[in-house]
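Let me begin by presenting the structure, written as structure tokens, before commenting on it.
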Amino acid sequence: MKVVGHFINGETCTPKGRMQDVYNPATGEAEKLVLLASKATVNDAIVSAQQAFPQWRNTPVSKRARIMFKFKSLLEEHAEEITALIGAEHGKISHDAAGELQRGIENVEFACGAPQLLKGEHSKNVGPSIDSWSEFQPLGVVAGITPFNFPAMVPLWMFPLAIVCGNTFVLKPSERDPSCAIFLAKLLKEAGLPDGVFNVVNGDKEAVDQILDDERIKAVSFVGSTPIAEYIYSKANANGKRCQALGGAKNHAIVMPDADIDNAVNQLLGAAFGSSGERCMALSVVVAVGDEVADKIVDKMQTAMKDLKVGAFDDASNDFGPLITLQHKEKVEGYITSAAEQGANVVVDGRSPTVEGYETGFFLGATLIDNVTPEMTSYKAEIFGPVLQVMRVESMEQAMQLIDEHEYGNGTCIFTRDGEAARYFSDNIQVGMVGINVPLPVPVSYHSFGGWKRSLFGDLHAYGPDGVRFYTKRKTITQRWPSSGVREGVSFSFPS
Ligand code: NAD
């Protein structure tokens with residue numbers, strides 16, 4: 001069976017050690033093995049990154065950017081291979097994998113602007129013959145730890161920008177879909193990246209803990225579930241590292257009585273069930289303002305959901321694919337059961353779908369649950385599956401209160417034709433990314449991505465302008481070149 005190893009100092013390597021199965025979620029079969037890095041292997045990656053740092057940091061920024069331009073072309077050239085790898089290990093449909101890759105490429109495009117992004121700030125004559133400027137220097141070796149649900153895009157949120165800012169990088173991707181990161185590392189090498197600047201270690205908690213404990217790693221970007229994000233953030237901080245840890249979500253969409261309901265239903269279908277709901281920006285709760293709106297939504301959704309097609313990656317007519325593992329599928333099914341037991345109404349039950357030719361895959365059909373209330377387990381938890389829950393409220397204020405009281409604050413959306421309501425909503429809601437008639441308001445690469453409340457631990461959001469700040473430290477230099485012959489006397493007062 002194929003073994004997926006690591007990429008250290010410009011080479012793939014497969015040292016002996018612990019391994020884990022990698023499943024094809026569509027067939028339900030373990031088709032590969034992934035090596036789980038030992039502390040020694042992580043150390044090798046850190047050594048390689050540390051050795052590469054001095055030279056890379058001093059490489060002109062335009063040269064660093066040129067490698068990113070080449071990397072972008074290679075990503076486009078090899079798009080089909082990358083999306084096939086995503087499909088085989090994650091299970092998302094080819095069109096969805098292509099969308100993920102495209103959003104990742106946009107982060108590379110942003111990184112290509114490094115010469116402009118790193119120009120710094122300059123002030124002349126802040127005092128007599130004194131100039132002052134701030135420059136943004138790299139941190140050193142930085143690390144990224146990423147989740148299974150975007151095996152290309154989330155790593156691409158991190159390493160292109162970190163590298164172009166002059167850092168060297170150790171990536172620890174999800175052990176559930178490990179091949180994509182290795183493929184990206186090979187393309188970067190082909191683009192001309194010097195060995196050691198980008199390293200990939202596959203692994204689990206052992207590798208992560210080594211990253212968190214090693215003092216040579218200066219910063220950690222994490223994306224994953226909230227309990228692990230919180231763990232990473234506290235441990236990284238206790239060890240003196242800079243850290244941004246993005247966590248889980250429960251994204252609500254408010255549908256106002258004046259909304260275009262047909263449009264809202266179309267948007268909700270894609271945002272709730274696309275990628276089997278395994279997106280941190282998936283809309284998993286509709287908050288209908290008024291029973292009339294709720295009844296219409298449930299009725300139209302029910303009809304539209306009959307046409308949804310769940311299936312394998314390589315049939316582009318499928319709408320979404322399987323869940324990542326059997327355990328995860330069972331967990332999602334458990335939330336549906338609990339909702340029914342706690343009094344909700346399962347209007348469309350996607351459990352046990354038939355997918356011809358893929359009877360042993362981890363498939364779950366689209367599910368719609370009505371009359372969900374705040375105390376239900378299925379409402380409190382992040383389900384991360386193709387399950388859309390409907391809640392009924394009487395006013396926009398009640399809808400906003402629900403959202404604000406939820407543990408998570410990643411994304412949200414309002415469907416309305418009323419500009420005043422939309423403005424009030426975006427101004428006041430306690431959520432980091434807001435859509436107005438836009439169901440998946442994932443910021444473009446030249447803005448930054450991040451939630452509020454327990455969806456993000458840390459101060460700076462991922463990628464974009466915040467990413468540049470995260471991967472650099474500011475140094476401010478104040479310089480005086482006195483005119484010849486000018487001598488200043490001694491002064492003991494504070495310079496002003
Ligand atoms: P996860 O938290 O299980 O794993 C994320 C990473 O942490 C993986 O690399 C994994 O190997 C590592 N990890 C897992 N358990 C660990 C432990 N005990 N100690 C140390 N490291 C550990 O998340 P996942 O299941 O891969 O991804 C899904 C989650 O990610 C969802 O909660 C989703 O909302 C979240 N997510 C968030 C965003 C965002 O931007 N906020 C984006 C994508 C996914």
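Counting starts at 1 for both ligands and their atoms, in listed order. Predicted model only: the values in this text are computed from it and were never measured.
Remark: ligand 1 atoms within the under-4.0 Å shell around heavy atoms of K172 are 8 (C), 9 (O), 10 (C), 11 (O). In the vicinity of V223, heavy-atom distances shorter than 4.0 Å reach the ligand 1 atoms 5 (C), 36 (N), 37 (C), 38 (C), 39 (C), 40 (O), 42 (C), 43 (C), 44 (C). Heavy-atom proximity to V208, at under 4.0 Å, picks out these atoms of ligand 1: 20 (C), 21 (N). Listed by atom number, the atoms of ligand 1 under 4.0 Å from F449 heavy atoms are 39 (C), 40 (O). Each of the following atoms of ligand 1 lies closer than 4.0 Å to a heavy atom of C280: 34 (O), 36 (N), 37 (C), 38 (C), 39 (C), 40 (O), 41 (N), 42 (C), 43 (C), 44 (C).
For ligand 1, one of its N or O atoms has an N or O atom of E175 under 3.5 Å away.
By heavy-atom distance, the residue among P147, G411, G224 lying nearest atom 35 (C) of ligand 1 is G224. Remark: among candidates I228, L246, L212, V442, the nearest residue to atom 14 (C) of ligand 1 is I228, based on non-hydrogen atoms. Of the candidates S225, P178, G248, S225 brings a heavy atom nearest to atom 1 (P) of ligand 1. The closest heavy-atom contact to atom 44 (C) of ligand 1, among the options D177, N149, T146, comes from N149.
Side-chain contact between N318 and F320 is absent, with no heavy-atom pair separated by less than 4.5 Å.
Contacts between P173 and ligand 1, counted as non-hydrogen atom pairs separated by less than 4.0 Å, involve the backbone only. Neither the backbone nor the side chain of Y408 has any atom closer than 4.0 Å to an atom of ligand 1 (non-hydrogen atoms only).
Under the 30°/60° scheme for interplanar angles, the aromatic rings of F148 and F384 are found to stand perpendicular. Using bins of under 30°, 30° to 60° and over 60° for the plane-to-plane angle, the ring pair F449/Y463 lands in the tilted bin.
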